[in-house]
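In what follows, a structure is listed as structure tokens, so that the remarks can point back to it.
Worth saying up front: this structure is predicted, and the values here are computed from it rather than measured. The residues of the chain are indexed from 1 along the displayed sequence.
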Amino acid sequence: RHPASDSADAVFNIARAATIVHAFSSGRLPLLRWGAQDRLHQPQRGALFPLFKLIDAATGAGAHGAWLSGAGPSVGAVVGGGPGADGARGARDAIDLHAPHEVGRAMVAAAKAAAMSGRLVMAQIDDAGVELDEV
């Protein structure tokens, strides 16, 4: 690879990382689909396992975004978390509550179709963050 290409890929990734921060801080989670794109890590890992099939399965089933988690082969996806009826950011899923299960099923099916096994872990994001007790 040419060093100029590496620099362009780094700038691409920095812009995507900033978009992820903006998506979470503003509650505009659909931006995660664009923000989760990567040119430095995912192409290499995607050659080793069906990363992009899992990402496509997740987003096709309704995830806001999906990406390589850690060094792989874990794939993370975000579903729901839009504003609630009162407009509060971070309120519980304002979308169909079946969507997380549909996304999980789609990802598992994509892995099985690629002759991969694994396990599905569904977790809720803690939107309170770190809280310290005063001493």
Side-chain heavy-atom pair [X], [Y] within 4.5 angstrom cut-off:
| X | Y | value |
| --- | --- | --- |
| Phe12 | Leu40 | no |
| Arg39 | Arg16 | no |
| Val108 | Lys112 | yes |
| Asn13 | His41 | yes |
| Leu51 | Pro43 | no |

Where [X] and [Y] come nearest, the two heavy atoms and their spacing:
| X | Y | answer |
| --- | --- | --- |
| Leu29 | Ala23 | CD2-O, 3.8 Å |
| Ala66 | Ala36 | O-CB, 3.5 Å |
| Ala77 | Val103 | CB-CG1, 4.4 Å |
| Ala63 | Arg33 | O-NH2, 2.9 Å |

Original post:
If you round to the nearest 0.5 Å, how far is OG1 of Thr19 from CZ of Phe24?
Top reply: 12.0 Å
Original post:
Would a distance-only check, ignoring hydrogens and angles, find a side-chain to backbone donor-acceptor pair under 3.5 Å from Gln42 to Leu68?
Top reply: yes
Subject >> Side-chain donor or acceptor of His64 paired with backbone N/O of Leu31 under 3.5 Å >> reply: no
**OP:** Indicate if Trp67 and Leu120 have the same hydrophobic cluster label, given that clusters are the connected sets of ILVMFWY residues with side-chain heavy-atom separations under 4.5 angstrom.
**Re:** no
Subject >> Joint hydrophobic cluster, Met116 plus Leu54, side-chain heavy atoms closer than 4.5 Å >> reply: yes
Subject >> By side chain to side chain donor-acceptor pair (under 3.5 Å) - contacts of Asp56 (at least two apart) >> reply: none
**OP:** Measure from NZ or CZ of Arg45 to the centre of the six-membered ring of Phe49 and say whether it is under 6.0 Å with the direction within 45° of the ring axis.
**Re:** no
Name each donor-acceptor pair under 3.5 Å that joins a side chain in residues 128-135 to protein atoms two or more places apart or in another chain, with its distance.
none

